[in-house]
Novice: 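Below is one structure. I have some questions about it.
Throughout, residue positions are numbered sequentially from 1 according to the sequence presented. No experiment lies behind these values; they were computed from the predicted model shown.
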Amino acid sequence: MSETAAKATGAPVSSGDANRWKALVFIALAQLMVVLDATIVNIALPSAQTDLGISDGNRQWVVTAYALAFGGLLLFGGRIADLWGRKNAFVVGLIGFALASALGGAATSGAMMFGARALQGVFGALLAPAALSLLAVMFTDAKERAKAFGIYGAIAGGGGAVGFILGGVLTEYMDWRWTFFVNIPFAIVAAFGAYFVIREPEGGRNRNPLDIPGVLLSTLGLVALVYGFTRAESNGWGDALTVGMFVASAVLLISFVVTEARTKAPLLPLRVITDRNRGGIYLSLGIAIIAMFGTFLFLTYYLQIVKGFTPIKTGFAFMPMIVGMMVGSTQIGARLMTRVPARLLMGPGFLVAAVGMLLMTQLEIGSSYASTILPAMLLLGLGMGTAFMPAMSLATLGVEPRDAGVASAMVNTSQQVGGAIGTALLNTIAASATTSYIADHIGSATSRSQQQLVALEGQVHGYTNAIWFAVGMLVLAAVIVGTLVNAGRTDTAVVTGSGEGAEEELAIPVVAH
């Protein structure tokens, strides 16, 4: 019986498979693994670099190899999920990620490590959009969808901070290799659970032929963009290859859009991104992530270098942010999503996060953690958690079932590109401000201790300058939401499934204006 008929007769309305909440556990576990991996390796990098004999010039490839593969292949991974089926793509992604993690943990050379990280990125690009699109097609009741995306949003937002804690514990008390091996049990449990529990709705596959030109243009364009920002961080914005990467990326991505507009079965149907609500979500999320990733980076350096925190203590210092995100996602966003328009959660959420950032601009060498950093982190987590939850849900809301994978991939792509831009751009701003400060003040420092003090003051000055920029990014994200996102609260309606041979009714949420 369709949902409409059920409502008309007063019969109970089914909202997806009975095991969907069990499935959520395994989907959330997989998402946690992917998000953890983005930060956990950073803590272990110095130890791994020493053991494997990786030069300072090449160490960035431990991070860059993953970022390039993950960011470049996300759209392709989303399309494969639509073609193969999200459950199949999810399980294959988990198994591949586990094998790549085992290879990284067993690495005996820098090249082996770089290859393992690239493989992690490849399978992560298959896994991440499959996970999000599974939620989109499995949770069809508005209130249940809000709860599911609240949990998912909290993990997506707070998992990176958890990575700092776990990375610090594993590196300090065990060995850096365990930052890779720890993924294996996560992946095995999630893969087995998903295989036996997930029942993907029928009729949602997109069996059209694969758009090979679109795959090549999007992958090369995104790889060039991510690499351009990554290279700018280490070689400067005026570097010839950096500029060349940006030019190549622009040409490739423009060619991609032109190709998609003319192709009968495009990799990325333009209807997915030209919808003003989804377009606003992708753009605002990417800009907000620029601010957030920069904050992770600067706070880590500030706490360890300026305040002298250990890796473990630094990790636990991020706990207020995690708590704020959990409260924002599950207690505010999830509870209000079906009652108020998404922009009234996202816009204020980004502004609350901006207030938290504003507190961090007051950082000095002697700043108190309890009076400055802790409330700033709470506000940042609370605001981002409140904004993330409706954003994750709205980004896949109302899409045709056959487009769920690629729409989910666009969420991950905006976050991945935003993270690459944030790390490079904010780091460049901070480094420039630090250099200027030290040049202006070092002349008055007569002793070695005074020079060291000026150097530390310069670092903090650089951090606060970059954080001011991050405040502006969050305000801009709120403005974009207020301008473009005009969706009301979410209700449920019945739309026609569009998979091959499918003419059955599929209940999914649509936007009520």
Novice: Could you give me the CA-CA distance, side-chain angles and deciding distance for D175 and F181, then say whether side chain to side chain contact (heavy atoms under 4.5 Å, CB included) is met?
Specialist: CA-CA 10 Å; D175 187 82; F181 291 145; over 6 Å; no
Novice: Looking only at heavy atoms, what is the nearest atom pair of A118 and A69, with distance?
Specialist: O-CB, 3.3 Å
Novice: Suppose we call two aromatic rings close when their centres sit under 6.0 Å apart. Are W237 and F229 close by that rule?
Specialist: yes
Novice: Let me confirm one number: the CE-CG distance from M410 to L74, rounded to the nearest 0.5 Å.
Specialist: 10.0 Å
Novice: Students often mix this up, so state it plainly: with edges at 30° and 60°, are the rings of F70 and Y66 parallel, tilted or perpendicular?
Specialist: parallel
Novice: Which value, rounded to the nearest 0.5 Å, describes the distance between Q31 atom CD and L24 atom CG?
Specialist: 11.0 Å
Novice: Using every non-hydrogen atom in the two residues, find where S101 and N183 come nearest and quote the distance to one decimal.
Specialist: OG-ND2, 3.1 Å
Novice: So do F256 and L267 actually touch side chain to side chain, heavy atoms under 4.5 Å?
Specialist: yes
Novice: Using only atom types and a distance under 3.5 Å, with no angle test, would you say the side chain of S255 pairs donor to acceptor with the backbone of V251?
Specialist: yes
Novice: Please report the C-alpha distance between M473 and L426 in whole Å, then the side-chain angles of each, then the deciding distance to 0.1 Å, and finally whether the side chain to side chain contact (heavy atoms under 4.5 Å, CB included) criterion is met.
Specialist: CA-CA 11 Å; M473 289 290 96; L426 296 189; 5.8 Å; no
Novice: Could you tell me which non-hydrogen atom of L94 sits nearest to which non-hydrogen atom of A30, and how far apart they are?
Specialist: CD2-CB, 3.7 Å
Novice: Rounded at 0.5 Å granularity, tell me how far CE in M292 sits from CZ in F388.
Specialist: 5.0 Å
Novice: Any heavy-atom pair between the side chains of W61 and R117 that's under 4.5 Å?
Specialist: no
Novice: Is a donor on one side and an acceptor on the other found under 3.5 Å between the side chain of S249 and the backbone of G221?
Specialist: yes
Novice: Taking side chain as C-beta onward, heavy atoms only, is V406 less than 4.5 Å from P269?
Specialist: yes
Novice: With a 4.5 Å heavy-atom cut-off, do L170 and W176 have their side chains touching?
Specialist: no
Novice: Measure from the side-chain N and O atoms of N277 to the backbone N and O of N486, and report whether any donor-acceptor pair falls under 3.5 Å.
Specialist: yes
Novice: Testing M112, Q120, M113 one by one against L103 for a side-chain contact (heavy atoms from CB on, under 4.5 Å), which residue passes?
Specialist: M112
Novice: OG1/T219 to CG/L68 distance, rounded to the nearest 0.5 angstrom?
Specialist: 11.5 Å
Novice: Ignoring hydrogens, what is the shortest heavy-atom contact between A130 and R86? Give both atom names and the distance.
Specialist: CB-O, 3.7 Å
Novice: State, to 0.1 Å, how close G347 and V481 come at their nearest heavy-atom pair, and which atoms those are.
Specialist: N-CG1, 3.9 Å
Novice: Between R343 (side chain) and L484 (backbone), is there a donor-acceptor pair under 3.5 Å?
Specialist: no
Novice: If you round to the nearest 0.5 Å, how far is CG of D211 from OG1 of T259?
Specialist: 7.5 Å
Novice: Test side chain to side chain contact (heavy atoms under 4.5 Å, CB included) on V272 and Y282 and set out the steps.
Specialist: CA-CA 11 Å; V272 172; Y282 300 145; 3.7 Å; yes
Novice: Can you name the nearest heavy-atom pair linking R177 to A107, along with the distance?
Specialist: NH1-O, 2.7 Å
Novice: Is I27 close to L135 at the side-chain level, that is, under 4.5 Å between some pair of heavy atoms?
Specialist: yes
Novice: Quick one: pull up CD1 in I281 and CD1 in I273 and give me the separation to the nearest 0.5 Å.
Specialist: 14.5 Å
Novice: Can you label the angle between the F196 ring and the F192 ring as parallel, tilted or perpendicular, going by 30° and 60°?
Specialist: parallel
Novice: With no hydrogens and no angle check, is any side-chain donor or acceptor of E260 less than 3.5 Å from a backbone partner on L270?
Specialist: no
Novice: Report yes or no: does N88 contribute a side-chain atom to a donor-acceptor pair with the main-chain N or O of W84 at less than 3.5 Å?
Specialist: yes
Novice: Side chains of L394 and M337, heavy atoms from C-beta outward: is any pair under 4.5 Å?
Specialist: no
